[in-house]
Amino acid sequence: MADHIGTERQLFLDGHLVEQMSGLKRVLHQPAKMAAPVLEGDKPWERGFAQIIGNCVNYDSEDRIYKMWYDTYKVTGGLIAYATSQDGLHWEKPDLGIVEVAGSRDNNIVLPGRNANV
């Protein structure tokens, strides 16, 4: 069975999808380390803890933004939070009004718990 490529962008880490490569040279660039983490636990309910959950960073082509779900801190089991980004580097944490934390719903928490998958 052939691999479906479609019109989506492809990440070529190896030659799996390349049938023939004539007159081309594969060039790998050195990655650049960021000065600070892309996402930090900077909200009071995060208490310094923000951890991306598996592969829960997705690009929404309809909304034209990146969406992320991540684990954050809570004494009784953790919280799942949500953030958005235009470029995948600078993230915003919108007030969602879904889950009450410390008497307020002004936060980006989507549900209590940890290690959810989207």
Side-chain angles (χ1 to χ4, degrees):
M1 178 181 215
D3 291 312
H4 171 73
I5 296 176
T7 59
E8 301 86 20
R9 290 182 182 183
Q10 301 294 320
L11 177 62
F12 293 105
L13 297 175
D14 56 28
H16 176 72
L17 295 176
V18 180
E19 182 175 316
Q20 179 181 352
M21 202 164 95
S22 176
L24 301 173
K25 178 182 176 186
R26 183 184 306 263
V27 177
L28 302 176
H29 298 279
Q30 183 68 30
K33 184 172 179 160
M34 304 278 299
V38 174
L39 186 73
E40 294 187 85
D42 57 358
K43 300 293 184 182
W45 54 89
E46 295 172 330
R47 298 179 66 188
F49 181 80
Q51 179 180 358
I52 297 172
I53 306 166
N55 62 349
C56 290
V57 178
N58 301 300
Y59 183 74
D60 186 323
S61 57
E62 188 173 309
D63 292 342
R64 302 183 73 184
I65 60 171
Y66 292 92
K67 297 179 177 182
M68 174 196 302
W69 291 264
Y70 63 97
D71 278 340
T72 191
Y73 184 86
K74 186 182 176 193
V75 175
T76 58
L79 299 165
I80 306 298
Y82 172 75
T84 61
S85 173
Q86 297 293 319
D87 61 7
L89 296 174
H90 305 93
W91 292 87
E92 297 179 14
K93 301 171 182 177
D95 286 340
L96 302 174
I98 299 172
V99 177
E100 186 175 315
V101 176
S104 174
R105 290 182 182 269
D106 294 333
N107 60 59
N108 63 324
I109 305 302
V110 293
L111 60 103
R114 300 213 41 210
N115 298 316
N117 285 303
V118 177

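Numbers here are sequence positions counted from 1.
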Between [atom1] on residue [X] and [atom2] on residue [Y], distance to nearest 0.5 Å:
X	Y	atom1	atom2	value
S85	E92	OG	CD	8.0 Å
Y66	L89	OH	CG	8.5 Å
I65	T84	CD1	OG1	4.5 Å
D71	I52	CG	CD1	10.5 Å
E46	L79	CD	CG	9.0 Å
M68	W91	CE	CH2	4.0 Å

Suppose we screen for salt bridge (Lys or Arg N to Asp or Glu O under 4.0 Å). Which residues come up paired with D42, at least two apart in sequence or across chains?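 For D42, the residues satisfying salt bridge (Lys or Arg N to Asp or Glu O under 4.0 Å) (neighbours in sequence not counted) are K93.
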Considering non-hydrogen atoms only, spot the tightest contact between R47 and P44 and give its length.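 Here R47 and P44 meet closest at CG-O, 3.2 Å.
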Looking at every heavy atom in both A83 and P94, which two are closest together, and how far apart are they?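 Looks like CA-CD, 4.3 Å.
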Qualifying salt bridge (charged side-chain N to carboxylate O under 4.0 Å, His left out) pairs with a residue from [range], counting only residues at least two apart or across chains:
range	answer
residues 50-70	D60-K67, D63-K67
residues 23-33	none
residues 49-59	none

Joint cluster assignment, I98 & W69, ILVMFWY side-chain distance < 4.5 Å: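 Yes; W69 is reachable from I98 via cluster members.
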Going hydrophobic residue to hydrophobic residue with side-chain gaps under 4.5 angstrom, can you get from V38 over to V57?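 They do share one cluster, since a chain of ILVMFWY contacts under 4.5 Å joins V38 to V57.
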According to side-chain hydrogen bond (donor to acceptor under 3.5 Å, both in side chains), does anything in residues 103-112 pair up with another residue at least two apart or in another chain? List the pairs.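 Every pair satisfying side-chain hydrogen bond (donor to acceptor under 3.5 Å, both in side chains) with a residue in residues 103-112: W45-N108, Y70-N108.
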Test of understanding: with side chain to side chain donor-acceptor pair (under 3.5 Å), list the residues that count as partners of H90, not counting sequence neighbours.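 Residues passing side chain to side chain donor-acceptor pair (under 3.5 Å) with H90: D87.
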